[in-house]
Amino acid sequence: MTLYANINQHSKYFRGQVAKEPFKIVLLLTSDLYCWEGNQNQYRTCDLDFFIRTDAGEFVEHGFLNCIDAMAERVLRQMLPGIEEMSKQGGLLNLDQLFELRQTTTIQTMKKILKLLPTTVPRCRECGKTISDCYCDSR
């Protein structure tokens, strides 16, 4: 199967390298972050949106990254033990590294997401029931 990609709108490379249509990519035999090659460049997985091409020549999004929630959880679970250990040890160096981590765009984005999530079970404004028990028209 031939895989195609285009630069993801959240990538730092988006403005300079986004193409009108997806380009062929190849997975490189490397352990480097920049493991995809295409369009005469090398890319990280997070920089790309993936596509396949139908027999009719139409580009269709590939499900390669559709498990984004599971991937995000995996990353967070991998980070947690190190953060817990650094937190327990204290020390100025560890605390400084934890503070720097807190300022990263990843953590800042997570904070924005958390602010948008309800903190209590949502209830219908008309009947006061939860979504599974509410049969109002305003659902």
Side-chain angles (χ1 to χ4, degrees):
M1 174 180 65
T2 303
L3 198 55
Y4 297 83
N6 209 341
I7 308 300
N8 173 314
Q9 69 176 347
H10 302 290
S11 168
K12 63 183 176 181
Y13 305 111
F14 181 73
R15 286 182 173 246
Q17 296 183 26
V18 69
K20 289 183 181 177
E21 67 178 30
F23 49 87
K24 270 188 193 179
I25 56 169
V26 177
L27 181 61
L28 299 172
L29 299 175
T30 179
S31 61
D32 190 80
L33 283 174
Y34 292 83
C35 60
W36 296 99
E37 185 174 72
N39 206 23
Q40 300 167 345
N41 290 297
Q42 290 183 331
Y43 300 98
R44 302 171 300 182
T45 302
C46 64
D47 290 315
L48 301 173
D49 288 329
F50 296 89
F51 299 85
I52 56 172
R53 193 174 206 166
T54 66
D55 291 338
E58 179 184 359
F59 289 103
V60 178
E61 284 190 61
H62 188 274
F64 184 63
L65 293 179
N66 284 349
C67 61
I68 198 72
D69 286 344
M71 289 173 64
E73 182 179 351
R74 179 180 177 181
V75 169
L76 293 173
R77 286 184 184 274
Q78 288 174 324
M79 290 173 66
L80 185 58
I83 293 170
E84 287 175 332
E85 186 60 33
M86 288 173 73
S87 173
K88 286 178 195 171
Q89 290 177 4
L92 189 54
L93 177 61
N94 287 342
L95 293 175
D96 188 57
Q97 289 175 337
L98 289 173
F99 179 78
E100 287 178 12
L101 177 64
R102 181 186 190 98
Q103 303 307 312
T104 63
T105 56
T106 302
I107 300 297
Q108 293 302 311
T109 302
M110 288 171 48
K111 287 171 68 174
K112 288 178 185 176
I113 289 170
L114 285 172
K115 283 182 182 178
L116 296 172
L117 300 178
T119 56
T120 59
V121 176
R123 298 191 173 275
C124 174
R125 291 187 181 124
E126 284 185 35
C127 67
K129 295 180 181 178
T130 62
I131 189 75
S132 58
D133 297 326
C134 173
Y135 295 100
C136 296
D137 291 335
S138 64
R139 274 178 56 160

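This one's a predicted model, so the numbers in the text were calculated from it and none came from an experiment.
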Review point. Do you reckon Met79 sits in the same ILVMFWY cluster as Met71, going by side-chain contacts under 4.5 Å, direct or chained?
Key: no

Point to revise | More than 12 heavy atoms from other groups under 6.0 Å of CG on Leu117 | key: yes

Review point. What pairs with Phe51 under ring-ring contact (aromatic ring centres under 6.0 Å, His included), at least two apart in sequence or on another chain?
Key: none

Check your understanding: Got a second to check how far Phe99's CZ is from Leu92's CG, nearest 0.5 Å?
Key -> 12.0 Å

Review point. Under a 4.5 Å side-chain heavy-atom rule over Ile, Leu, Val, Met, Phe, Trp and Tyr, are Phe14 and Leu33 clustered together?
Key: yes

Check your understanding: Which value, rounded to the nearest 0.5 Å, describes the distance between Arg123 atom CZ and Ile131 atom CD1?
Key -> 12.0 Å

Practice item. Considering only Ile, Leu, Val, Met, Phe, Trp and Tyr, and joining two whenever side-chain heavy atoms are under 4.5 Å apart, list the other residues clustered with Val26. Key: none

Exercise for review: Please identify each residue that fulfils side chain to side chain contact (heavy atoms under 4.5 Å, CB included) with His10, with sequence neighbours left out.
Suggested key: Asn8

**Study point:** ring-ring contact (aromatic ring centres under 6.0 Å, His included) partner of Phe50, the single match among Tyr4, Trp36, Phe59, Phe23
**Key:** Trp36

Practice item. Look only at the side chain of Asn39 and the backbone of Asn41, and say whether a donor-acceptor pair between them is shorter than 3.5 Å. Key: no

Point to revise | Approximate separation, where rounding is to 0.5 Å, of Leu76 CG and Ile107 CD1 | key: 7.0 Å

Check your understanding: Would you say Gln40 has more than 12 foreign heavy atoms packed within less than 6.0 Å of its CD?
Key -> no

Check your understanding: Are more than 12 heavy atoms from other residues, nucleotides or ligands located less than 6.0 Å from atom CD of Glu61?
Key -> no

Review point. If you measure from CZ on Arg77 to CG on Leu80, what distance do you get to the nearest 0.5 Å?
Key: 8.5 Å

Practice item. Might you work through the side-chain contact (heavy atoms from CB on, under 4.5 Å) test for Asn6 and Leu48, ending with a clear yes or no? Key: CA-CA 6 Å; Asn6 209 341; Leu48 301 173; over 6 Å; no

Review point. If you measure from SG on Cys134 to CZ on Arg125, what distance do you get to the nearest 0.5 Å?
Key: 11.5 Å

Review point. About how many Å separate CG of Leu101 and CD1 of Ile83, when rounded to the nearest 0.5 Å?
Key: 5.0 Å

Review point. Which pairs with one or both residues in residues 93-106 pass side-chain hydrogen bond (donor to acceptor under 3.5 Å, both in side chains), sequence neighbours excluded?
Key: Gln89-Asn94

Review point. Side chains of Ile52 and Leu3: closer than 4.5 Å at any heavy-atom pair?
Key: yes

Review point. For the residue pair Cys124 and Cys127, what are the closest heavy atoms and their distance?
Key: SG-N, 3.5 Å

Review point. Which pairs pass salt bridge (Lys or Arg N to Asp or Glu O under 4.0 Å) with one or both residues in residues 36-54, sequence neighbours excluded?
Key: Arg44-Asp47

Check your understanding: Taking only residues two or more places apart in sequence or in another chain, which ones pass side chain to side chain contact (heavy atoms under 4.5 Å, CB included) with Cys35?
Key -> Leu27, Thr30, Thr45

